[in-house]
Protein chains: 2
Amino acid sequence: MPFRIKIPRSTIDRLPLYYRCLNLIEEHGIEEISSQVLGVRVGVDPSVIRKDLAWFGELGKRGVGYNVTYLKEAIGRILGLDKEWPFILVGAGKLGMALAEHNRKYGRHFHLVGVFDRDPEKFGLMVGGQRVSPMEEMPAFVKEKDIKIAMLAVPAEEAQKVAHELVKCGIKGILSYAPITLSVPEDVLVYNADYNLDLQRLAYYLSNDGNISWGE
Amino acid sequence: MPFRIKIPRSTIDRLPLYYRCLNLIEEHGIEEISSQVLGVRVGVDPSVIRKDLAWFGELGKRGVGYNVTYLKEAIGRILGLDKEWPFILVGAGKLGMALAEHNRKYGRHFHLVGVFDRDPEKFGLMVGGQRVSPMEEMPAFVKEKDIKIAMLAVPAEEAQKVAHELVKCGIKGILSYAPITLSVPEDVLVYNADYNLDLQRLAYYLSNDGNISWGE
DNA sequence: ACTTGTGAATTGCTTCACAGCG
DNA sequence: CGCTGTGAAGCAATTCACAAGT
């Protein structure tokens, strides 16, 4: 009888950190690693790493540690990186173009299959190995190829409208660079990549040293 | 007698969301807002908003709600956005350049004052309103202008080395686009802007629908 | 001897429910 | 009456400490 367990969000948030680090460690030719050492490399407490991994079975060997390649591949499978994820980019401005080019060079597991924009001047331009197509062609394209992920790099004013369209044709995950909170149905996931959010968080800690003070 | 209270990290993480949204609401000419309505706009439970804001005093009026402009400015002060933050960019590749241009157009509260790269071919290029300077000039520049924030957009191989240099000349906050976990002293803050992390988290939820299944 | 996997204790955050005020 | 501010309850995540395994 199949049953399902909910994995803590914080665990999922850390898995890509482990994965990224294990890739590097593997390249260095290291075969075994302890939660201790991995912890230092990813900046996470070893017991957190062990708890995180334990959700998915017994991935390590007691007294020894974790096999780097095996663990890397296990985490890859957990994250769904054993398949290639096609995604589209909406918005071929400077930022969108740079992201697309960057992905072409460094992207693993995710490949750009379409770029869309409203501006006719952009049509036909090559961006990240794809020709920019008019926004009107997006719905058919996404439905036909059954694409689930979109990167959104359009101006704030357009972002909500575009998000709506994306959802309507079946997109389930959006990585948004737009500086607004998108409203989407709850079965659609949005990650905010607007770097101003992070800059502002930085500013808080730099201003307040993590606290606020009162009194005299 | 001065005393200090620790604000939850999750509260700080949400403040920029509120701030971003309040700016928009203010532009629409709305003067008062309840935690209820704001909650819908930012996708956060109203009681979370009230608890978050309560850390900083009584910012609202019972029976009425929050004054939009007043609240926006209060949050701005809390985050340290009442001052302008100068920052530098290290790495004038495609991504760095796009980020710099983007910041010039849309950046509030943070302004780019220097761009550095190791590649002599880049020297002198205009990026985000600044001329690209050789990496060697960075330490003197940062120290002299007392800059605290850096954006890091260099290849993985260089990133750790550069992070070290940044820390050595007084940088306290790094927004890193490099696909590695940087190791820095604990009084230095690093935010990871590597979008592959978010794509991988998306992939997990799209693959597993938030769960994993066992058994038969 | 060393390191994982894991229940138990602890800490921190969110949700609830309502008193306090406009 | 409506909405904030807040103690208390409930839930989730981290930390601890050690048994289990190599």
Side-chain angles (χ1 to χ4, degrees), chain A residues 4-15 17-18 22 25 30-72 74-75 78 186 201 204-205 210-212 214, chain B residues 4-15 17-18 22 25 30-72 74-75 78 186 201 204-205 210-212 214:
Chain A
R4 300 180 139 250
I5 291 189
K6 194 160 184 311
I7 313 293
R9 166 176 273 280
S10 44
T11 293
I12 303 308
D13 282 351
R14 284 185 294 261
L15 290 182
L17 258 39
Y18 305 157
L22 287 165
I25 291 166
I30 295 160
E31 289 182 8
E32 300 283 340
I33 193 161
S34 66
S35 58
Q36 173 71 236
V37 175
L38 182 58
V40 173
R41 298 281 305 246
V42 294
V44 172
D45 186 276
S47 64
V48 170
I49 296 181
R50 293 204 301 277
K51 262 255 152 66
D52 283 345
L53 299 178
W55 287 103
F56 306 101
E58 310 216 345
L59 268 29
K61 281 208 245 324
R62 298 178 191 219
V64 182
Y66 299 89
N67 177 287
V68 173
T69 301
Y70 177 77
L71 183 58
K72 187 204 82 174
I75 294 178
I78 293 163
E186 65 173 37
R201 289 164 191 149
Y204 171 81
Y205 289 109
N211 310 299
I212 60 167
W214 260 285
Chain B
R4 300 181 140 249
I5 290 188
K6 192 158 187 310
I7 313 293
R9 165 176 274 277
S10 44
T11 292
I12 303 309
D13 282 351
R14 283 185 296 261
L15 290 181
L17 257 40
Y18 305 157
L22 287 164
I25 291 166
I30 295 161
E31 289 181 9
E32 300 284 339
I33 194 160
S34 64
S35 58
Q36 173 71 236
V37 175
L38 182 58
V40 174
R41 299 283 302 246
V42 293
V44 172
D45 187 275
S47 64
V48 170
I49 296 181
R50 294 203 300 278
K51 262 256 152 65
D52 282 344
L53 299 178
W55 287 103
F56 306 102
E58 310 215 348
L59 268 29
K61 283 208 244 324
R62 297 178 195 221
V64 182
Y66 300 90
N67 177 289
V68 173
T69 302
Y70 177 76
L71 182 58
K72 187 204 82 172
I75 294 178
I78 293 163
E186 65 172 36
R201 288 163 191 149
Y204 171 81
Y205 289 109
N211 311 299
I212 58 167
W214 262 284

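The figures here come from the full heavy-atom set of this structure, side chains too, leaving out hydrogens, waters and symmetry mates. The chains referred to below are lettered A, B, ... by the order of the sequence lines, with proteins before strands, and numbering in each begins at 1.
Distance check, rounded to the nearest 0.5 Å: CG of A:Leu15 to CD1 of A:Ile78 gives 6.0 Å. Atoms CD1 and NZ, on A:Ile25 and A:Lys72 in that order, are 11.5 Å from each other to the nearest 0.5 Å.
Minimum interatomic distance between B:Val68 and B:Leu22 (heavy atoms only, all atoms of both residues): CG1-O, 3.7 Å.
Test B:Val48, B:Val42, B:Leu53 against B:Arg14 for side-chain contact (heavy atoms from CB on, under 4.5 Å) and you get one pass: B:Val48.
Within the 4.0 Å cut-off from OP1 or OP2 of D:dT14, at least one side-chain nitrogen or oxygen of A:Arg14 is found.
Within the 4.5 Å cutoff, the side chain of B:Glu32 has no heavy atoms near those of the B:Tyr70 side chain. Contact annotation: the side chain of A:Phe56 never approaches that of A:Ile75 to less than 4.5 Å [non-hydrogen atoms, C-beta and beyond]. Two residues are said to be in side-chain contact when any heavy atoms from C-beta on lie closer than 4.5 Å; A:Tyr18 and A:Leu71 fail this criterion.
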Report, one pair per line, the protein and nucleotides 5-9 of chain D atoms (nitrogen or oxygen only) whose separation is under 3.5 Å.
unit_1	atom_1	unit_2	atom_2	d
D:dG5	OP1	B:Leu59	N	3.0
D:dG5	OP1	B:Gly60	N	2.8
D:dG5	OP2	B:Tyr66	OH	2.6
D:dG5	O4'	B:Arg62	NH2	3.2
D:dG5	N7	B:Arg50	NE	2.8
D:dG5	O6	B:Arg50	NH2	3.0
D:dG7	O6	B:Lys51	NZ	2.9
D:dA8	N6	B:Lys51	NZ	3.3

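Put simply, CD on B:Glu32 is 12 Å from C1' on D:dT4, counting in whole angstrom units. In this structure, CZ of B:Arg9 is placed 14 Å from C1' of D:dA13, rounded to the nearest angstrom. Whole-Å rounding puts the A:Gln36 CD to D:dT15 C1' distance at 14 Å. One interatomic measurement links the two molecules: CH2 of B:Trp55 to P of D:dT4, which rounds to 19 Å at whole-angstrom precision.
Between A:Ser10 and A:Val64, it is A:Ser10 whose nearest contact on DNA chain D lies nearer the 5' terminus.
Bracketed by its first and final contacts, the part of DNA chain C lying under 4.0 Å from non-hydrogen atoms of chain A reaches from C:dC2 to C:dA8 in 5' to 3' order.
Residues satisfying the side-chain contact (heavy atoms from CB on, under 4.5 Å) test with A:Ser35, not counting sequence neighbours, are A:Pro46, A:Ile49, A:Arg50, A:Tyr66.
Nucleic acid contact class of B:Ser35 (heavy atoms, under 4.0 Å, all strands): sugar-phosphate only.
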